[in-house]
Amino acid sequence: MSYASETRRRRTFAIISHPDAGKTTLTEKLLLFSGAIQIAGAVKGRKASRHATSDWMEIEKQRGISVASSVMQMSYRDHVVNLLDTPGHKDFSEDTYRVLTAVDSALMVIDAANGVEAQTRRLIEVCRQRDTPIITFVNKMDREVRDPLDIMDEVERELGMPCCPMTWPVGQGKAFGGIINLRTRTMTVFESGSERRPQDFEAIPLTDVDKLRARFGDTFDTAMESMELAVGASPEWDHEAFLAGKLTPVFFGSGVNNFGVMEVLDALVDMSPSPGPRVSTLVVNKQPVVKTIEPEDTGFSGVVFKVQANMDANHRDRIAFVRVASGRYVPGMKLRVQRTGKDMRPTSVVTFMSQRREAVEEAYAGDIIGFTIHGGVQLGDTITDGAALQFTGLPFFAPEMFMTVVLKNPLRTKQLQQGLAQLGEEGAIQVFKPDAGGNMLLGAIGQLQFEVVQHRLKAEYDADIRLEGCQYTGARWITADTPAELREFENAYVLRMAHDAAGTLAYLCTSPYDVRLAQERFPKIHFHPLREHAGLSLSNS
């Protein structure tokens, strides 16, 4: 039996951008237009009475930013669309990188005034490494922004891939008249207002030139000229090139005004790929064998790409987010965690509409489902209905900042240990336990991660901590060719050894020279700046 008809209906994508480009607002509008939510809550500052559906954490509501990826599923035009909203802030880029391993395409949002910004560049690199197809949405055209040709040029330079315009703006800021749809050869007329629906916007065929000139004057003529220039300088639309990550379609609009968003939603269904094959390692006679798993294969398999603790403060639960890679999930299935070989029969399996959850009746390749768990599952774990598979490729980056954890009330030690264990497994921060004893260390990519973890330890685990600076500035995961070499290295650097939340051995550094000196002294030790889940696969430095 093949599940091809179901997997072909799936679209799984992430929204990526620099902070404040309008990503979460666009997420809301996509949900609104698909009928998944009734009212969109714009992401505003701390006084907002209505918060974005996808920002559920208290700290997100206070700051008006996304600090955790959220997952939403919706139906549109007989397709099942799985949308992952990622944090834009660079301090949470690890969470975003892991989410990008679980999607088949990405929607990149660019602020038309600022162009391609620093965080977008980082995310693009990850997409490029995986050849992820990217759809580009240039947002905020109703403000004073840069020339669209200039933005297209910058996107091409920064992405290292040609752009193919699908819609084109007529004017900008106060003179923003609307967008021309190059596929339907019509102009959709802009009207501001976040309550407007796509069907409420007026559309005029481009053949009605006199009417368009009468209404928009020189702005229309200028737009037509620049559009022709852009089309002339761009390659023709090539769907295969897009799927290979070598061409990006570009759309213009204003997310907050619901304008130009419907075209993007249609493009996600029409252009984006359905789930593709995934490479796994099959263990046969204790030897690893590489095998390609097709989405329509009958055997169920999936990867845990995110673990989130305490999504519901009342239940103190933990949810493992699983990207289904093949087969079909139905309630009551007996599943196995491949890393430990232990069976699991999850009692509660849900799909997400941000905070709203619904029990899963069935799920296919491409779907994101959440297993309520009580330990025993880590980021990167492969879960199957029996087959011995192991998917790889979930990255952990060596932290660039460290702090020492000091518990204010020593009687809360048990709560602190539980909190750090769960937040470490979740990937919210990296937790290191020094082998020589002493206080736990937190490792992060950015300062804001420390603040979020401190906030969550107090709010969710009643463990009030103080964070103090320490001498460490980096870490490298350690492997050796033989156990004897590893023991010798550990004995030489007793005070520098620590284990992370997954139990992987790490060497703590106080300066960039430490690794070089240790490497010279112990040439057979391997130092890794990147760890793939559960210590299964390490990438050499």
Are [X] and [Y] linked by a side-chain donor-acceptor pair shorter than 3.5 Å?
{"X": "T136", "Y": "T248", "answer": "yes"}
{"X": "Y3", "Y": "D297", "answer": "no"}
{"X": "D111", "Y": "N139", "answer": "no"}
{"X": "D142", "Y": "S254", "answer": "yes"}

Just by modelled atom types, is the [Y] backbone N or O under 3.5 Å from a matching donor or acceptor in the [X] side chain?
{"X": "Q172", "Y": "V145", "value": "yes"}
{"X": "N181", "Y": "R183", "value": "yes"}
{"X": "K29", "Y": "V261", "value": "no"}
{"X": "H455", "Y": "V453", "value": "no"}

Please name the pair of heavy atoms, one in [X] and one in [Y], separated by the smallest distance, quoted to 0.1 Å.
{"X": "M161", "Y": "I134", "value": "CE-CD1, 4.0 Å"}
{"X": "R213", "Y": "D221", "value": "NE-OD1, 2.7 Å"}
{"X": "L30", "Y": "F13", "value": "CD1-CZ, 4.2 Å"}
{"X": "E156", "Y": "C163", "value": "OE2-N, 2.9 Å"}
{"X": "S105", "Y": "T132", "value": "CA-CG2, 3.6 Å"}

Are any of the side-chain heavy atoms of [X] and [Y] separated by less than 4.5 Å?
{"X": "P331", "Y": "V360", "result": "no"}
{"X": "V189", "Y": "I204", "result": "yes"}
{"X": "I110", "Y": "M108", "result": "yes"}
{"X": "I16", "Y": "C127", "result": "yes"}
{"X": "Q430", "Y": "L442", "result": "no"}
{"X": "F321", "Y": "I369", "result": "no"}
{"X": "E263", "Y": "I179", "result": "yes"}
{"X": "M166", "Y": "W237", "result": "yes"}

Between [Y] and [X], is there a salt bridge with N-O shorter than 4.0 Å?
{"X": "R8", "Y": "E296", "answer": "no"}
{"X": "D104", "Y": "R323", "answer": "yes"}
{"X": "D238", "Y": "K246", "answer": "no"}
{"X": "R328", "Y": "E6", "answer": "no"}
{"X": "E451", "Y": "R456", "answer": "no"}

Kindly state each residue pair satisfying ring-ring contact (aromatic ring centres under 6.0 Å, His included) with at least one member in residues 100-127, sequence neighbours excluded.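 Residue pairs with at least one partner in residues 100-127: there are none.
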Any idea how Y329 and F371 line up, ring-wise: parallel (<30°), tilted (30 to 60°), or perpendicular (>60°)? tilted
Give a yes or no on whether the ring-centroid distance for F137 and F251 is below 6.0 angstrom. no
Working to the nearest 0.5 Å, report the span between [atom1] of [X] and [atom2] of [Y].
{"X": "S234", "Y": "M227", "atom1": "OG", "atom2": "CE", "answer": "11.5 Å"}
{"X": "E158", "Y": "D153", "atom1": "CD", "atom2": "CG", "answer": "10.0 Å"}
{"X": "C164", "Y": "L247", "atom1": "SG", "atom2": "CG", "answer": "5.5 Å"}
{"X": "F391", "Y": "I293", "atom1": "CZ", "atom2": "CD1", "answer": "5.0 Å"}

Checking side chain to side chain contact (heavy atoms under 4.5 Å, CB included) between M74 and each of L32, L265, N82, which is the one that passes?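 For M74, the side chain to side chain contact (heavy atoms under 4.5 Å, CB included) check succeeds only for L265.
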Which is it for E117 and N114 under the side-chain contact (heavy atoms from CB on, under 4.5 Å) test, yes or no, and what are the steps along the way? CA-CA 7 Å; E117 296 171 89; N114 300 330; 3.6 Å; yes
